[in-house]
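Chain letters run A, B, ... following the sequence lines, proteins first, then strands; residues in each count from 1. Since the structure is predicted, the reported quantities are computational estimates derived from the model, not experimental observations.
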There are 2 protein chains.
Amino acid sequence: MTDDLVLRRQVCFALYAASRALTDVYRPILDEFGLTYPQYLVLLVLWERGDDAPTVSELGAALRLDSGTLSPLLKRLEAAGLVVRTRSARDERRVEVGLTADGVALRQRMDEVPLRVARATGLGEAELIALRDTLTRVTETIHRQKEQ
Amino acid sequence: MTDDLVLRRQVCFALYAASRALTDVYRPILDEFGLTYPQYLVLLVLWERGDDAPTVSELGAALRLDSGTLSPLLKRLEAAGLVVRTRSARDERRVEVGLTADGVALRQRMDEVPLRVARATGLGEAELIALRDTLTRVTETIHRQKEQ
DNA sequence: GGCAATTAAGTTGTGCACAATCGATCTGGC
DNA sequence: GCCAGATCGATTGTGCACAACTTAATTGCC
């Protein structure tokens with residue numbers, strides 16, 4: 001039982017280390033575009049949404065990040081000219097996050113990013129899909145248990 | 001190809017989300033002991049080492065963290081009375097990180113932490129081992145490629 | 001219609017992560 | 001023995017993450 005405490009036997013450390021290693025892969029690639037990894041994730045959501053600009057809390061729900069993380073991050077994306085934040089006319093509490101022309105255009109320029117990163121993992125497509133599905137299941141199990 | 005940009009199709013997001021979800025599982029458990037997750041990882045290494053106290057850079061090699069992260073973290077562990085930092089007599093550049101009696105004793109009290117966390121993932125033992133091995137392989141592939 | 005409860009976003013404070021830099025110490029080649 | 005280069009840890013600055021709190025706007029209940 002004591003052996004379970006050994007670092008390399010723990011899935012949790014493997015997950016933590018893999019997550020940071022992957023961020024290391026992203027960093028130099030995203031640097032070319034002046035972005036950080038969480039900023040890139042926000043853009044992925046915006047690109048996926050197309051025309052209907054999500055609110056800050058909808059972004060938060062998609063990425064599971066709160067306003068404490070998103071507010072300053074979105075300000076930096078706005079300062080970079082990729083995003084605009086506008087108070088909703090119908091509900092003055094809401095802030096809608098939309099893409100600028102530059103933000104939309106960036107999508108094409110970053111087309112090859114996922115492929116470049118996938119290559120760096122050294123895994124085949126089938127393995128990547130299996131890994132992703134297991135991880136998604138872990139994440140969803142954890143979140144489901146937390147809601148109860 | 002454009003579909004590859006969709007958030008939920010990316011392994012990378014799955015890894016990032018799973019890592020944060022797992023940290024969420026650790027947080028309330030480690031809170032009982034007044035620890036954060038990275039602090040717990042440092043203790044795991046120290047417990048594993050037993051008597052020979054590692055230096056800051058040896059800790060960094062084990063966890064892949066640099067002094068910018070470890071220096072303040074170790075000061076907090078020292079302030080909590082779990083760890084002592086002593087300049088090596090033989091090489092005044094090195095700082096050896098040892099456990100206090102409290103730090104050693106904590107190991108027993110935290111014996112069930114891995115089990116409690118493993119349960120929260122909702123995966124069986126075989127799945128956990130397979131997931132861990134895949135993740136370890138990803139991490140090592142990435143680090144190997146970076147060294148070349 | 002009035003007001004308590006809720007919701008939305010922002011702010012503050014703490015603790016990682018990591019790049020870049022610094023000062024002190026050590027090492028090897030001469 | 002000396003000194004250029006390397007190593008070690010700490011520090012500074014930026015950017016997440018997240019808890020706790022604040023402010024403003026909205027909703028529902030009566």
Side-chain angles (χ1 to χ4, degrees), chain A residues 13 16-28 30-31 34-43 53-61 63-80 83-97 143 146, chain B residues 13 16-28 30-31 34-43 53-61 63-80 83-97 143 146:
Chain A
F13 177 67
Y16 168 77
S19 177
R20 284 195 301 126
L22 207 57
T23 307
D24 282 349
V25 174
Y26 271 102
R27 203 183 320 280
L30 294 181
D31 255 2
L35 293 175
T36 65
Y37 182 58
Q39 287 167 12
Y40 175 63
L41 292 180
V42 166
L43 289 177
T55 64
V56 173
S57 51
E58 283 168 347
L59 266 176
L63 298 172
R64 298 194 178 271
L65 293 170
D66 68 0
S67 67
T69 302
L70 285 175
S71 285
L73 187 157
L74 291 172
K75 280 185 183 173
R76 283 185 282 271
L77 283 182
E78 191 170 40
V83 144
V84 270
R85 298 181 305 138
T86 46
R87 285 271 162 198
S88 164
R90 281 184 329 227
D91 185 341
E92 290 278 346
R93 290 172 306 180
R94 293 163 184 268
V95 168
E96 286 158 5
V97 182
H143 288 137
K146 209 165 63 176
Chain B
F13 177 68
Y16 168 77
S19 178
R20 284 195 300 126
L22 206 57
T23 308
D24 283 348
V25 173
Y26 270 104
R27 204 185 318 282
L30 295 181
D31 255 2
L35 293 175
T36 65
Y37 181 58
Q39 288 168 9
Y40 174 62
L41 292 179
V42 166
L43 289 177
T55 64
V56 173
S57 52
E58 284 168 347
L59 267 176
L63 298 172
R64 298 195 178 270
L65 293 170
D66 68 2
S67 67
T69 301
L70 285 174
S71 285
L73 187 157
L74 291 171
K75 280 187 183 172
R76 284 185 283 270
L77 282 182
E78 191 170 42
V83 145
V84 270
R85 297 180 307 139
T86 46
R87 284 269 162 202
S88 164
R90 285 184 326 230
D91 185 341
E92 292 277 345
R93 290 171 307 178
R94 293 165 185 269
V95 168
E96 286 158 6
V97 182
H143 289 138
K146 209 165 62 176

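Summarising the geometry, the separation between CD on A:E92 and P on D:dT27 is reported as 12 Å, rounded to the nearest angstrom. Taking atom CG of residue A:D66 and atom P of nucleotide C:dT12, one finds them 15 Å apart after rounding to whole Å. Computed from coordinates, the A:L30 CG to C:dC18 C1' distance equals 15 Å when rounded to whole Å.
A rotation axis mapping the C1' atoms of four pairs onto the next four is fitted at both ends of the helix from C:dG1-D:dC30 to C:dC30-D:dG1 over five pairs, and the angle between these axes is 10° to 10 degrees.
Applying the side chain to side chain contact (heavy atoms under 4.5 Å, CB included) criterion to A:A53, with sequence neighbours excluded, gives A:E96. Every residue was checked against the side-chain hydrogen bond (donor to acceptor under 3.5 Å, both in side chains) condition with A:S67, not counting sequence neighbours, and none meets it. Judged as a side-chain hydrogen bond (donor to acceptor under 3.5 Å, both in side chains), and not counting sequence neighbours, B:Y37 has no contacts. Applying the side chain to side chain contact (heavy atoms under 4.5 Å, CB included) criterion to B:T69, with sequence neighbours excluded, gives B:L65, B:D66. For B:V42, the side chain to side chain contact (heavy atoms under 4.5 Å, CB included) criterion is met by B:L46, B:L59, B:L63, B:L70, B:L73, B:L74, B:L77, not counting sequence neighbours. Scored by the side-chain hydrogen bond (donor to acceptor under 3.5 Å, both in side chains) test, B:S57 finds B:T55 as partners (sequence neighbours excluded).
Within the structure, every pair that satisfies the salt bridge (charged side-chain N to carboxylate O under 4.0 Å, His left out) test and touches residues 83-92 of chain A, not counting sequence neighbours, is listed here: A:E78-A:R85, A:D91-A:R93, A:D91-A:R94. Residue pairs meeting the salt bridge (charged side-chain N to carboxylate O under 4.0 Å, His left out) criterion with at least one partner in residues 17-27 of chain A, sequence neighbours excluded, are A:D24-A:R27, A:D24-B:K146.
Remark: B:R90 is not in phosphate contact with C:dC26, judged by side-chain N or O atoms under 4.0 Å from OP1 or OP2. Considering only side-chain N and O atoms, A:Y16 lies under 4.0 angstrom from the phosphate OP1 or OP2 of C:dA17.
In terms of heavy atoms, B:S19 sits closest to A:Y16 at OG-CA, 4.1 Å. Of all the heavy atoms in B:A21 and A:H143, the pair that sits closest is CB-NE2, 3.9 Å.
Residues from residues 21-28 of chain B with heavy atoms under 4.0 angstrom of DNA chain C: there are none.
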Legend entry - Contact letters for nucleotides 2-15 of chain D, in which S counts primed atoms plus P, OP1 and OP2 and B counts the base, heavy atoms under 4.0 Å: -----BSSBB---S
